[in-house]
Visitor: 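Below is one structure. I have some questions about it.
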Amino acid sequence: MPVIRTLSKVAKQALLNPGCGCQPITVAVRTISFSPRQVTSDASFHSVSFSETDHPKVLITGGLGQLGVGLAKRLRKRFGNNNVILSDIRKPPSHVFHSGPFIYSDILDYKNLREIVVNNRITWLVHYSALLSAVGEANVSLARDVNITGLHNVLDIAAEHGLRLFVPSTIGAFGPTSPRNPTPDLCVQRPRTIYGVSKVHAELMGEYYHHRYGLDFRCLRYPGIISADSQPGGGTTDYAVAIFHDAVKTGKFECNLKPETRLPMMYIDDCLRATVEMMEAPADTLSMRTYNINAMSFSPEELAQEVQKQLPDLEVTYDIDQVRQAIADSWPMNFDDSNARNDWGWKHDYDLPELVQTMLNYIGSDSRISQAN
C-alpha cells in the first residue's frame, strides 16, 4: 500500500485499524489529517501522566554516549534506580549494565520504541541519540536518518503518550551569519553542517508540536561539554577533552583547531544539572521552549595555558583540521544565556580554573603534578 508508507506511524495505526477508536482520518493523494492529541485521547491504551505518579519514569535514548550514563546516575539518585531506563543499540559495559535498568532501543524502529514507552509506562523521554558534527559530515546519510528520522519517531510517540520530551540542541545550531559574541536565544541560525541543520529542525519541530499538539517539549542548546569519564566522540570541541588525557598520558598534545579559536564550553556536571533543572522547571516559568546555557568561553591557547599551570612540561602543537576549523569558525564564540538564568534560575558552578583542576584530578594526574612541582 504505497500511500500508507508515506504516513506518520500514528496515522498508520488509525488507518490500518479502523476499529481502534481513533478519530476518522481522510486520505487523498498521499495527504492525511493527523492529530497526536486526538489519538491520545481516543485510542484504546492506558497512558499514565507524570502527575499521576510519585516520580517520573524516564527513558534515555542514546544512553551510552557522553551524557547518558551520567544523567541516568543523577536521575536514579533523585527518582529511584528502577525509574530510569538507559537504552542504546550497543552492548553496555558491565558497570553500566549492573548499575540499573538497560534495554536495547533503536530509535529508527518505531514499533520497538513505542512498545518500550507503553510497556514501561514512560513519562519522561530524554532523546540523546545523534551523530555529532564531524562524524555527521563524514556520513551525511546516516546522520540524516538518526538525527531527523529518529527525531520524528520520538516526537510522534511523545505526543501520542503525553510524555515530557527533552531533546538537546547545540552551539552547532548556529551558522556564519549568526551573531557570534554573544549569540542570543533568538537570531538568524542557518548552520552549514548536517548536525546543525538537524538540530535546528529538532528545535522547530519540537516547538511546533508544543504549540500544535500541546507536547511538553524542552530543549537546551549545549555548549561544548567536557567530561573526564568519556573519550572524545567525534565533535568539533573534542580537543578540550583530549588535551587532558594526552597531558596525563604523554605530556604532549596536538590540537586540531587554531590556538585563538574561541568557543563556549561547560563541565559535564553543570550540563547534567542544567538538564535536570530544565526538566523539573514548572511550565509556567518557561518563556520559550529552547534555551541557550553557558558556563565559560575559551580558546585552545587559553585552555593549554591553564593546564600548564598544573603541568608546566606539557608540550602543545597545532595541526589544523580544516573541516573542524571551518565548523568552529561558524559557531558562537560566546552564548547569551540570560533567559535561562532569569526564567528558571540557571547558574553554573565551574569556571576554567575549576574545570582544569577537576579534570586533572579525575584522570589521575597527581603523580605528574607532584613531579612537576
Visitor: Counting distance only, does the side-chain N/O of S178 pair as donor-acceptor with the main-chain N or O of V188 below 3.5 Å?
Guide: yes
Visitor: Checking side-chain hydrogen bond (donor to acceptor under 3.5 Å, both in side chains) for the pair T290/E203: CA distance, chi angles, key distance, verdict?
Guide: CA-CA 7 Å; T290 299; E203 293 175 13; 4.8 Å; no
Visitor: Quick one: does any side-chain atom of N334 pair with a main-chain N or O of N181 as donor and acceptor, under 3.5 Å?
Guide: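 Not at all, since once roles are kept as given, no pair shorter than 3.5 Å links the two residues.
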Visitor: Side-chain heavy atoms under 4.5 angstrom apart, residues restricted to Ile, Leu, Val, Met, Phe, Trp, Tyr: same cluster for Y104 and V96?
Guide: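 Unlinked, Y104 and V96 end up in two clusters.
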Visitor: Check whether S330 reaches the backbone of I327 with its side chain - one donor and one acceptor, N or O, closer than 3.5 Å.
Guide: yes
Visitor: Determine whether E302 and E306 make a side-chain contact, defined as any pair of heavy atoms from C-beta on separated by less than 4.5 Å.
Guide: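 SC-SC contact between E302 and E306 ruled out.
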Visitor: Is there a path of hydrophobic side-chain contacts, each under 4.5 Å between heavy atoms of I, L, V, M, F, W or Y residues, that connects V248 with L352?
Guide: yes
Visitor: Taking P176's backbone N and O only, do any of them form a donor-acceptor pair with R192's side chain (distance below 3.5 Å, no angle check)?
Guide: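 No; zero donor-acceptor contacts below 3.5 Å.
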Visitor: What's the shortest heavy-atom distance between G62 and D88, and which atoms?
Guide: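 Looking at all heavy atoms of both residues, the closest pair is C-OD2, 3.4 Å.
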Visitor: Working note: D337 + Y291, criterion side chain to side chain contact (heavy atoms under 4.5 Å, CB included); need CA distance, chi angles, decisive distance, verdict.
Guide: CA-CA 7 Å; D337 61 355; Y291 288 88; over 6 Å; no
Visitor: Below 4.5 Å, heavy atoms only, C-beta onward: do E280 and R164 meet side chain to side chain?
Guide: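 No, too far: nothing below the 4.5 Å cut-off.
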Visitor: Rounded to the nearest 0.5 Å, how far does CD1 of I171 lie from CD1 of I293?
Guide: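 Going from the CD1 atom of I293 to the CD1 atom of I171 covers 11.5 Å.
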Visitor: Tell me if the CG atom of L204 is crowded by more than 12 foreign heavy atoms within 6.0 Å.
Guide: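 Counting other residues, nucleotides and ligands, CG of L204 exceeds 12 neighbours.
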Visitor: Search all heavy atoms of V356 against all heavy atoms of V307 and return the closest pair with its distance.
Guide: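 Nearest heavy atoms, V356 then V307: CG1-CA, 4.0 Å.
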Visitor: Does a salt bridge link E115 with K111, judged by any charged N lying under 4.0 Å from a carboxylate O?
Guide: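 Looking at E115 and K111, the cut-off is met.
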Visitor: Where do M266 and P223 come nearest, in terms of heavy atoms and distance?
Guide: CB-CG, 3.6 Å
Visitor: Is the closest side-chain heavy-atom distance between N339 and W346 below 4.5 Å?
Guide: no
Visitor: Could you check if a side-chain atom of T261 sits within less than 4.5 angstrom of a side-chain atom of P300, using non-hydrogen atoms only?
Guide: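 Of all side-chain heavy-atom pairs linking P300 with T261, at least one is under 4.5 Å.
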Visitor: Is there a donor-acceptor contact under 3.5 Å from the side chain of R218 to the main chain of A281?
Guide: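 Such a contact is found between R218 side chain and A281 backbone.
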Visitor: Do M288 and F174 land in one hydrophobic cluster if side-chain heavy atoms of ILVMFWY residues count as linked below 4.5 Å?
Guide: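 Looking at the clustering, F174 is in the same group as M288.
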Visitor: Applying the side-chain contact (heavy atoms from CB on, under 4.5 Å) test to V241, which of I226, D246, I225 qualifies?
Guide: I226
Visitor: Determine whether a donor-acceptor pair (N or O, by modelled atom type, separation under 3.5 Å) exists between the side chain of E354 and the backbone of D351.
Guide: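 Yes.
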Visitor: So if you build clusters from Ile, Leu, Val, Met, Phe, Trp, Tyr with side-chain heavy-atom gaps below 4.5 Å, do F298 and W331 land together?
Guide: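 Cluster IDs for F298 and W331 match.
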Visitor: Roughly how far, to the nearest 0.5 Å, is the CE atom of M205 from the CG atom of D156?
Guide: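 One gets 7.5 Å once the value is rounded to the nearest 0.5 Å.
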Visitor: Of all the heavy-atom pairs spanning D343 and T285, show the shortest one and how long it is.
Guide: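 Heavy-atom minimum between the residues: CB-O, 3.3 Å.
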Visitor: Do you reckon V84 sits in the same ILVMFWY cluster as V276, going by side-chain contacts under 4.5 Å, direct or chained?
Guide: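 Yes, because V84 and V276 connect within a single hydrophobic cluster, where side-chain heavy atoms sit under 4.5 Å apart.
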Visitor: To the nearest 0.5 Å, what is the distance between CD1 on I103 and CG on N112?
Guide: 7.5 Å
Visitor: Between D216 and R289, is there a salt bridge with N-O shorter than 4.0 Å?
Guide: yes
Visitor: What heavy-atom pair brings F217 and E207 nearest, and what distance separates the two atoms?
Guide: CD2-N, 3.9 Å
Visitor: What's the shortest heavy-atom distance between A173 and V200, and which atoms?
Guide: O-CG2, 3.3 Å
Visitor: Check step by step if side chain to side chain contact (heavy atoms under 4.5 Å, CB included) holds for W344 and M278.
Guide: CA-CA 7 Å; W344 45 276; M278 171 63 160; 4.1 Å; yes
Visitor: Step by step, work out the side-chain hydrogen bond (donor to acceptor under 3.5 Å, both in side chains) result for T193 and S133.
Guide: CA-CA 7 Å; T193 66; S133 55; over 6 Å; no
Visitor: Do Y239 and L303 have side chains that get closer than 4.5 Å, going by heavy atoms?
Guide: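 Yes - at least one pair of side-chain heavy atoms lies under 4.5 Å apart.
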Visitor: Which class fits the ring pair F166 and Y222: parallel under 30°, tilted 30 to 60°, perpendicular over 60°?
Guide: tilted
Visitor: If you round to the nearest 0.5 Å, how far is CE of M265 from CG of L355?
Guide: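 Rounded to the nearest 0.5 Å, the CG-CE separation comes out at 9.5 Å.
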Visitor: Hey, are the side chains of L151 and S198 touching, using non-hydrogen atoms and a 4.5 Å cut-off?
Guide: no
Visitor: Using side chain to side chain contact (heavy atoms under 4.5 Å, CB included), reason through M359 and Y350 one step at a time and then give a plain yes or no.
Guide: CA-CA 11 Å; M359 287 289 289; Y350 290 82; over 6 Å; no
Visitor: Is the shortest side-chain heavy-atom distance between S87 and L59 below 4.5 Å?
Guide: yes
Visitor: So, does N153 use its side chain to make a donor-acceptor pair with the main chain of I107 at under 3.5 Å?
Guide: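 Yes: the side chain of N153 pairs with the backbone of I107.
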Visitor: Roughly how far apart are W124 CH2 and F79 CZ, rounded to 0.5 Å?
Guide: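 Between W124 CH2 and F79 CZ, I get 4.0 Å after rounding to 0.5 Å.
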Visitor: How about I194 and E137: do any of their side-chain heavy atoms sit closer than 4.5 Å?
Guide: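 Of all side-chain heavy-atom pairs linking E137 with I194, at least one is under 4.5 Å.
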Visitor: Might you work through the side chain to side chain contact (heavy atoms under 4.5 Å, CB included) test for R76 and L86, ending with a clear yes or no?
Guide: CA-CA 11 Å; R76 284 167 178 164; L86 206 57; 4.0 Å; yes
Visitor: Judged by atom type as modelled, is there a donor-acceptor pair below 3.5 Å linking the side chain of Q308 to the main-chain atoms of L314?
Guide: yes
Visitor: Tell me whether D270 contacts the main-chain N or O of D349 through its side chain, where contact means a donor paired with an acceptor under 3.5 Å.
Guide: yes
Visitor: Under 3.5 Å, is there a donor on one side chain and an acceptor on the other for D329 and Q325?
Guide: yes
Visitor: Rounded to the nearest 0.5 Å, what separates atom CD in E254 from atom OG1 in T317?
Guide: 4.5 Å
Visitor: Between the side chain of T61 and the main-chain N/O of Y128, is any donor-acceptor distance below 3.5 Å?
Guide: yes
Visitor: Look at the rings of Y213 and Y208 and say which category their plane angle falls in: under 30° parallel, 30 to 60° tilted, over 60° perpendicular.
Guide: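 It falls in the perpendicular class, over 60°.
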